[in-house]
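Reminder, nothing fancy here: chain letters follow the sequence lines and each chain counts from 1. Because the structure is predicted, anything quoted here is derived from the model rather than measured.
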Protein chains: 2
Amino acid sequence: MTGADEERTPIPATVVRRLPKYLLLTQRLAKDGQEWISSAEIGEALGLTSSTVRQDLSHVDFYGISKRGYSVRGLAAALSETLGANREIAVVVVGAGNMGRALVQHKEFLRQGFKICGIFDSDPALAGESVGDLKVRLIRELTEVICGQDVEIGVIAVPAPAAQEVADRLIVSGVRGILNVTSAHVVAPRHVPVVDVRIVASLQELTYAIKVGGRR
Amino acid sequence: MTGADEERTPIPATVVRRLPKYLLLTQRLAKDGQEWISSAEIGEALGLTSSTVRQDLSHVDFYGISKRGYSVRGLAAALSETLGANREIAVVVVGAGNMGRALVQHKEFLRQGFKICGIFDSDPALAGESVGDLKVRLIRELTEVICGQDVEIGVIAVPAPAAQEVADRLIVSGVRGILNVTSAHVVAPRHVPVVDVRIVASLQELTYAIKVGGRR
DNA sequence: CATTTAACGTTAAAATATTCACATTTTTCA
DNA sequence: TGAAAAATGTGAATATTTTAACGTTAAATG
Ligand SMILES: NC(=O)c1ccc[n+]([C@@H]2O[C@H](COP(=O)([O-])OP(=O)(O)OC[C@H]3O[C@@H](n4cnc5c(N)ncnc54)[C@H](O)[C@@H]3O)[C@@H](O)[C@H]2O)c1
Ligand SMILES: NC(=O)c1ccc[n+]([C@@H]2O[C@H](COP(=O)([O-])OP(=O)(O)OC[C@H]3O[C@@H](n4cnc5c(N)ncnc54)[C@H](O)[C@@H]3O)[C@@H](O)[C@H]2O)c1
C-alpha cells in the first residue's frame, strides 16, 4: 500500500552522483548474463573501494547476500527505482543548434527512459525543420506542449546569454527539473533542481590534472 | 626565473571543479567592465558561501585586497594560469557522429584556448567529409597527427563499447589527458587523467532530485 | 589624522565523506 | 556436520570539506 521505498532523509549528493555508475555497470553485466557481483568487483570496475560501494548501496533499498554479493539484475532494478528513473520521463530540448540536435538524436536517452518529446528554438527559420522524428517548434509553443504532455525535464541548449531566460520559461511552464548544458549559471526556485553539464569546465579540470601530472 | 606558481600539494579535486566557475564568472564580468568583486559577491553569483570562495582562492596565486575585493581581470588571469588553461591546447575528437561534430563546431572551445585540430572516425564512408574547418580522417591516421601536432587532449565521442579501444589508441599516441563523453568507464595509466562528461548520469541525478523534491 | 568599516587571509570548528574493522550470515567442502 | 571462507551491513575511526570566527589591512569618512 505505501510506497515504502522513500528514504526519511535524502541520499547525499555525492552518493547520488555515483548511483548512475552502478546502474550502468549492472545493466551492462545483466545484458552479458552475469548473475552476481560483489562490492569488491564493483569497486574494481569503477575505481572505488569496496567499502564505499557498500556504504553507497546501503542507501538503496536492496540487499546483497553473504558469500554471493548482489544480484546483478536485482541491483540494477533497485538503483533505477531509487533514482526515480524506472519509468518513462518526458523531456524537451530548447535550442536546435548543434548540441540540441545531437541530444534529440541520441539513442541512449530513450533506452534509459528519457523520451524527448519536443525541440524548440527562437529562430523562425528553423521552425518546421526535422530533427530525428521531431520537428522544431517555436519557443512560444513551449508552455502549451509542456503542460499538455506533462513534461518533467527541460534541457537548455541555447547560447549562454539566453540560458536564464529559457530557464524562466521552462519553470513557468511547469517543468520539474532542468538540465543545463550551457556554461551559464542558472538560478531556479528550490523545487526545480538544476543539474549542469559543463564541458568546457571539464576540459579545464583536465588541463589542471595534466599540469600537476604525476604528483597526484 | 623559477615558475613559482606551482603548489607543493595539488589542489583538492573538489576545489579544482569550482575554479572554472570562478574563471567564467570573472571573464564575463571583465568583459562587462567590472573592476572589482568580493568573495561575497562571487558566492552570491554561484551559490556558495563567501568563506568557501576565499578558501578556494587561497589555492590560486593571487591576492585580493582589503576593502575592495579581487581585481576581476587579475583573478581571471590567475585562475586561467592555475588551471593551466592560459595557452592554446591542441585537442582531437574521435568519433564523427552527432556529438563529435557538435563539439568540433562549438565556438566556445577556441575562445577558451582549446583548439580542435582533428576529427577521426573508423567509418571510411565518413572520411573526407567536412566538419567545420576540418575534414574527417580515418582513425588509423590518429597517431601520426597526434605526434606531429603535439596534441594534448583526446576527446572520446564514439559508441560506448568502442571507448576503451579508442582510449588505448589515444594513450599510445601520446595524448596527455582524455575527455570521455561516452557512458563507458575508461581506464588509463595514472599519468593520463580522464575526465568524464556523463549526460545520461546527469539526467538520472536530476530524476532523483525531482523525486525527493522539496525535502532537500 | 583618527576612527570606522569592509573585506581579506587564515585558523579552527563543524559537518560530511571515506575507509577500516569486525560481527554476522551464507555457502562450500572435508 | 562442523570448520573455513567469502562477502555482507554497519559502527567507529579517519580524512576531507565546508563553514564560522577573527585578527589584520586598506580605504573611506568626519
Ligand atoms: N556544440 C557543443 O558541442 C557544445 C558543447 C558544450 C556546450 N555547448 C553549449 O550548448 C549551447 C548550445 O550550443 P550549440 O553548439 O548547439 O549552439 P548553436 O549556436 O549551434 O545553437 C544554439 C541555438 O539556440 C537558439 N536560440 C538562441 N536563443 C534562443 C532562445 N532564447 N530560445 C530558444 N532558442 C534560442 C539559436 O537559434 C540556435 O539555433 C551553448 O550554450 C553552448 O555553449 C555546446
Ligand atoms: N549525441 C548526444 O547528444 C550524446 C549525448 C551524450 C553522450 N553521447 C555519447 O557520445 C558518443 C557518441 O555519440 P553520437 O551521438 O555522436 O553517436 P553516433 O552514433 O552519431 O556517432 C558515433 C561515431 O563513432 C564512430 N565510431 C565507432 N567506433 C569507432 C572507433 N572505434 N573509432 C573511431 N570512430 C568510431 C562511428 O562511425 C560514428 O560515426 C556515444 O558514446 C554517446 O553515448 C552522445
Heavy atoms from other residues, nucleotides or ligands near CD of Glu108(A) exceed 12 (cutoff 6.0 Å): yes
Starting at NE2 of His59(B) and ending at P of dT16(D), how long is that distance when rounded to a whole Å? 13 Å
Can you see if the side chain of Arg68(A) gets near the phosphate of dT27(C) - specifically, an N or O under 4.0 Å from OP1 or OP2? yes
Presence of donor-acceptor pair under 3.5 Å, side chain of Ser66(A) and base of dT25(C): yes
In whole angstrom, what separates Leu48(B)'s CG from dA20(D)'s P? 13 Å
Using the test side chain to side chain contact (heavy atoms under 4.5 Å, CB included), find all partners of Ile11(A) that sit at least two apart in sequence or belong to another chain. Glu7(A), Val15(A), Val16(A), Leu19(A), His59(A), Thr82(A), Tyr208(B)
Can you tell which of Leu83(B), Leu46(B), Ile37(B) makes a side chain to side chain contact (heavy atoms under 4.5 Å, CB included) with Tyr22(B)? Leu46(B)
Round to a whole Å and report the spacing from CD1 of Ile42(A) to P of dG9(D). 10 Å
Provide, to the nearest angstrom, the distance between the CZ atom belonging to Arg54(B) and the P atom belonging to dT24(D). 16 Å
Whole-Å distance between dT24(C) C1' and Tyr63(A) OH? 15 Å
Consider the side chain of Ser51(A), meaning its heavy atoms from C-beta on, and name the nucleotide among dT19(C), dC8(C), dT8(D) that approaches it most closely. dT19(C)
4.5 Å side-chain heavy-atom contact, Val91(B) and Cys117(B): no
Check the distance between dT16(D)'s C1' and Ile11(B)'s CD1 and give it to me in whole angstrom. 16 Å
For Ser50(B), answer base if it contacts any base atom (sugar-phosphate contacts may also be present), sugar-phosphate if it contacts only those atoms, and nothing otherwise; contact means non-hydrogen atoms under 4.0 Å. nothing
Return the nearest nucleotide to the side chain of Thr52(B); candidates are dT19(C), dT8(D), dT19(D). dT19(D)
Ser38(A) side chain, from C-beta outward: closest of dT19(D), dT8(D), dA21(C): dT8(D)
Against Val92(B), only a single residue in Leu170(B), Val155(B), Val104(B), Ile153(B) fulfils side chain to side chain contact (heavy atoms under 4.5 Å, CB included); can you say which? Leu170(B)
Between Arg87(B) and Glu152(B) (salt bridge meaning N to carboxylate O under 4.0 Å), is one present in this structure? yes
Please list, chain by chain and in numerical order, all residues satisfying side chain to side chain donor-acceptor pair (under 3.5 Å) with Ser173(A), sequence neighbours excluded. Thr143(A)
Of the candidates dT27(C), dG11(D), dT8(D), the side chain of Ile65(A) sits closest to dT27(C)
Give a yes/no answer on whether the side chain of Thr49(B) brings an N or O atom under 4.0 Å of OP1 or OP2 in dT19(D). yes
Given dC8(C), dT10(C), dA17(C), which nucleotide is nearest the side-chain atoms of Gln55(B)? dT10(C)
Whether Tyr70(B) contacts dG9(C) is assessed here as follows: a side-chain N or O lying under 4.0 Å from the phosphate OP1 or OP2. Is that the case? yes
Over how many whole Å does the gap from Phe62(B) atom CZ to dC8(C) atom C1' extend? 12 Å
So do Leu79(A) and Leu57(A) actually touch side chain to side chain, heavy atoms under 4.5 Å? yes
Selection: residues 14-37 of chain B, any non-hydrogen atom under 4.0 Å of DNA chain C: none
Give the nucleotide from the list dC22(D), dA6(D), dT8(D) with an atom nearest to the side chain of Lys67(A). dA6(D)
